[in-house]
Trainee: 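Sharing a structure here in structure tokens format.
Within every chain, numbering begins at 1; the chains are lettered A, B, ... in the order of the sequence lines, protein sequences first and strands thereafter.
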2 protein chains.
Amino acid sequence: MVEGAASGWREARRQSARDAIVDAAWELVRADGLAALSIRDLAKRAGITTPTIYAYFDSKHAIYDAMFGRAAAEFADRMTEPYGSENPRDVLVAGVERFVEFCTTDPARYQLLFQRPIPGFSPSSESFAPAVRALDASRQRLAVNRIVDPRHLDMWTALTTGLVDQQISNDPGGTRWSSLTEEVVDMFLTYCQTSQLAPRVPGPSKGERGGRDRQG
Amino acid sequence: MVEGAASGWREARRQSARDAIVDAAWELVRADGLAALSIRDLAKRAGITTPTIYAYFDSKHAIYDAMFGRAAAEFADRMTEPYGSENPRDVLVAGVERFVEFCTTDPARYQLLFQRPIPGFSPSSESFAPAVRALDASRQRLAVNRIVDPRHLDMWTALTTGLVDQQISNDPGGTRWSSLTEEVVDMFLTYCQTSQLAPRVPGPSKGERGGRDRQG
DNA sequence: GTCTATAGCTGGATAGAC
DNA sequence: GTCTATCCAGCTATAGAC
């Protein structure tokens with residue numbers, strides 16, 4: 001940030017104007033859904049006009065990118081806040097509870113972060129960076145529970161996103177699936193511990209598929 | 001269908017014209033995504049003009065509803081085809097494998113059936129009926145595995161949709177999550193069997209939430 | 001940087017001839 | 001039922017004055 005310090009306060013004012021636009025964008029999106037965001041409505045909500053929007057953002061996708069960047073930062077901040085326990089299992093449970101709460105309290109944010117609902121939009125690597133940090137922290141919480149098998153990590157993401165997805169899709173505002181967090185975590189831990197103590201050898205399956213290969 | 005028999009062949013021709021439009025709609029949606037469907041493109045693809053579309057459907061939502069109805073029928077047909085095994089566990093595994101394959105081979109169909117991606121659209125009860133039949137069959141496959149606790153049923157939907165969601169979102173066309181099906185089923189069965197033999201009593205949690213209530 | 005005004009396009013849906 | 005032609009609304013984005 002050496003050259004940034006030269007015209008720092010100019011850049012700061014520009015940045016705060018950008019932030020105000022992103023604020024308004026999130027308000028609109030929370031109310032009407034991600035796809036319903038329009039530049040006109042956004043300008044109206046922000047108290048400016050549409051050309052002014054384009055003074056700060058090159059395109060609508062650039063706005064989505066800034067929204068993504070803020071959401072990713074919030075996600076990383078929330079997930080890396082200190083956990084009050086030393087017990088690895090309890091930290092894991094608390095992490096999922098935070099994750100579920102983070103997602104369910106703002107479904108639009110969840111959609112933008114973890115699904116791909118905007119045709120043609122992909123977040124820039126800068127906007128994506130904080131999300132990587134958070135996902136790495138999640139990997140570490142699993143590691144202190146001695147879970148490092150890549151297949152188990154994939155199972156973990158399936159379990160947690162499944163809870164979130166069902167909660168948002170089928171019981172918005174309720175706790176029907178989020179209240180299952182503790183049970184799911186214990187199920188998962190029990191399975192991983194036993195399967196690593198005595199690696200499971202699949203018996204002859206009568207299913208419709210052939211045997212599967214166990215990747216490293 | 002008594003009064004339908006009177007003008008049966010007229011209705012049949014009308015129905016086949018409707019089917020052709022729905023065919024074209026699914027082709028477009030598979031290629032460009034659910035939200036990208038437009039009446040103009042649809043008419044062009046179907047070899048007719050836009051007013052002709054409105055001779056068969058009252059609105060765009062009515063088209064989505066017909067698309068939903070077909071998808072639900074396909075879903076029910078596929079999921080209720082006979083399973084080649086008598087083993088309850090193997091039937092359960094095969095069911096998930098079918099479910100995952102059904103969803104991943106046509107993500108747009110999955111989205112329309114199981115998520116709510118069209119603002120303002122809800123399927124009519126007639127279109128939804130076949131889906132109910134399929135979900136009930138799923139409930140029965142769990143019941144023969146002695147799984148009837150409502151909480152376990154909810155866990156089950158979270159597990160299966162989690163696998164599908166991760167597979168579609170993060171490895172489209174691959175098998176990174178779908179190949180975990182058998183392990184996930186066994187993890188779930190093991191957990192349910194032990195938890196019903198000896199109901200789990202949660203110890204003092206050091207997590208961030210208070211105790212949870214175990215609903216019936 | 002901010003505005004007024006508008007270009008240029010695409011969308012759903014319809015009027016009216018045939 | 002099917003067409004041509006069109007209405008009207010909404011959208012992103014820009015030109016040009018200030």
Side-chain angles (χ1 to χ4, degrees), chain A residues 7-29 31-68 108 112 117-122 124, chain B residues 7-29 31-68 108 112 117-122 124:
Chain A
S7 59
W9 57 274
R10 281 203 177 275
E11 276 303 316
R13 278 206 75 73
R14 182 173 173 84
Q15 187 57 43
S16 89
R18 284 175 58 99
D19 287 346
I21 294 174
V22 175
D23 285 343
W26 271 117
E27 288 173 24
L28 280 179
V29 154
D32 302 333
L34 265 182
L37 180 65
S38 85
I39 303 285
R40 286 165 134 94
D41 290 347
L42 175 53
K44 197 169 298 181
R45 166 78 74 159
I48 54 181
T49 59
T50 54
T52 305
I53 301 277
Y54 286 93
Y56 291 98
F57 295 95
D58 286 342
S59 69
K60 193 179 179 181
H61 276 16
I63 298 174
Y64 279 126
D65 195 59
M67 296 170 71
F68 187 100
L112 183 59
I118 310 294
F121 166 69
S122 292
S124 64
Chain B
S7 58
W9 57 273
R10 281 205 177 274
E11 276 303 317
R13 279 205 75 73
R14 181 173 174 82
Q15 187 57 43
S16 88
R18 282 174 60 98
D19 287 346
I21 293 174
V22 176
D23 285 344
W26 271 118
E27 289 173 23
L28 279 180
V29 154
D32 302 334
L34 266 181
L37 180 65
S38 85
I39 303 285
R40 287 164 133 89
D41 290 348
L42 175 54
K44 196 169 298 182
R45 165 78 75 160
I48 54 182
T49 60
T50 53
T52 304
I53 301 276
Y54 285 93
Y56 292 98
F57 296 95
D58 286 341
S59 68
K60 194 179 178 182
H61 275 17
I63 298 174
Y64 279 126
D65 194 58
M67 295 170 71
F68 187 99
L112 184 59
I118 310 294
F121 166 69
S122 292
S124 64

Trainee: Between atom NZ in B/Lys60 and atom C1' in C/dG12, what is the gap in whole Å?
Mentor: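 Those two atoms, NZ and C1', are 8 Å apart.
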Trainee: Search all heavy atoms of A/Leu42 against all heavy atoms of A/Ala25 and return the closest pair with its distance.
Mentor: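 Closest approach of A/Leu42 to A/Ala25: CD1-N, 3.4 Å.
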Trainee: To the nearest Å, give me how far apart CD1 (B/Ile118) and P (C/dG12) are.
Mentor: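 For the pair B/Ile118 CD1 and C/dG12 P, the rounded distance is 11 Å.
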Trainee: Taking any heavy-atom pair under 4.0 Å as a contact, classify A/Arg13: base, sugar-phosphate, or nothing.
Mentor: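 No contact.
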Trainee: Select from A/Asp58 and A/Asp41 the residue whose nearest nucleotide in DNA chain D is closer to the 5' end of that strand.
Mentor: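 Here A/Asp41 is the residue nearer the 5' end.
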Trainee: Closest heavy-atom contact between B/Thr50 and B/Ala43?
Mentor: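 Looks like N-CB, 3.7 Å.
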Trainee: Given atom CZ of B/Arg18 and atom P of D/dG1, what is their separation to the nearest angstrom?
Mentor: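 B/Arg18 atom CZ is separated from D/dG1 atom P by 11 Å.
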Trainee: Have a look at B/Leu42 and say if it touches a base, only the backbone sugar-phosphate, or nothing, with a 4.0 Å heavy-atom cut-off.
Mentor: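 No contact at all - B/Leu42 keeps every heavy atom at 4.0 Å or more from the nucleic acid.
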Trainee: Nearest heavy-atom pair of B/His61 and B/Pro119: which atoms, and what distance?
Mentor: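 For B/His61 and B/Pro119, the tightest heavy-atom pair comes out as NE2-O, 3.8 Å.
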Trainee: Any side-chain heavy atom of A/Val22 sitting closer than 4.5 Å to one from A/Tyr56?
Mentor: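 No - every pair of side-chain heavy atoms lies 4.5 Å or more apart.
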Trainee: Give, ordered by number, those residues of residues 19-28 of chain A having at least one heavy-atom distance below 4.0 Å to an atom of DNA chain D; if nothing qualifies, reply none.
Mentor: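 Heavy-atom cutoff 4.0 Å gives no residues at all.
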Trainee: At their closest point, which heavy atom of A/Ala66 faces which heavy atom of A/Arg18, and how far apart are they?
Mentor: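 The answer is CB-NH2, 4.4 Å.
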Trainee: Would you call B/Thr52 and B/Ile21 a side-chain contact if the rule is heavy atoms closer than 4.5 Å?
Mentor: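 The answer is no, as the side chains (C-beta and beyond) never meet within the 4.5 Å cut-off.
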Trainee: Taking atom C1' of D/dG1 as reference, at what distance in whole Å does atom CD1 of B/Ile53 sit?
Mentor: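 Rounded to the whole Å, the gap is 13 Å.
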Trainee: Without decimals, in angstroms, what is the distance between A/Ile39 CD1 and D/dT12 P?
Mentor: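 Computing the A/Ile39:CD1 to D/dT12:P distance gives 5 Å.
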Trainee: Could you check whether the rings of B/Phe121 and B/Tyr64 sit parallel, tilted or perpendicular, using 30° and 60° as the cut-offs?
Mentor: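 Because their plane-to-plane angle lies in the 30° to 60° range, the rings of B/Phe121 and B/Tyr64 count as tilted.
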Trainee: From NE2 of A/His61 over to C1' of D/dC11, roughly how many Å is that when rounded to an integer?
Mentor: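 Result: 14 Å.
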Trainee: Do A/Ile53 and A/Ile63 come close enough that some side-chain heavy atom pair is under 4.5 Å?
Mentor: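 A side-chain contact under 4.5 Å exists here.
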Trainee: Base, sugar-phosphate, or nothing: which does B/Ile63 touch, judged by heavy atoms less than 4.0 Å apart?
Mentor: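 Nothing, no nucleic acid heavy atom in range.
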Trainee: Grab the N/O contacts between the protein and nucleotides 2-6 of chain D below 3.5 Å, and write none if there aren't any.
Mentor:
unit_1 : atom_1 : unit_2  : atom_2 : d
D/dT2  : OP2    : B/Tyr56 : OH     : 2.8
D/dC3  : OP2    : B/Thr49 : N      : 3.2
D/dC3  : OP2    : B/Thr49 : OG1    : 3.0
D/dC3  : OP2    : B/Thr52 : OG1    : 2.7

Trainee: Applying salt bridge (Lys or Arg N to Asp or Glu O under 4.0 Å), name anything that partners B/Asp41, two or more places apart in sequence or on another chain.
Mentor: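 Counting only residues at least two positions away or on another chain, B/Asp41 forms no salt bridge (Lys or Arg N to Asp or Glu O under 4.0 Å).
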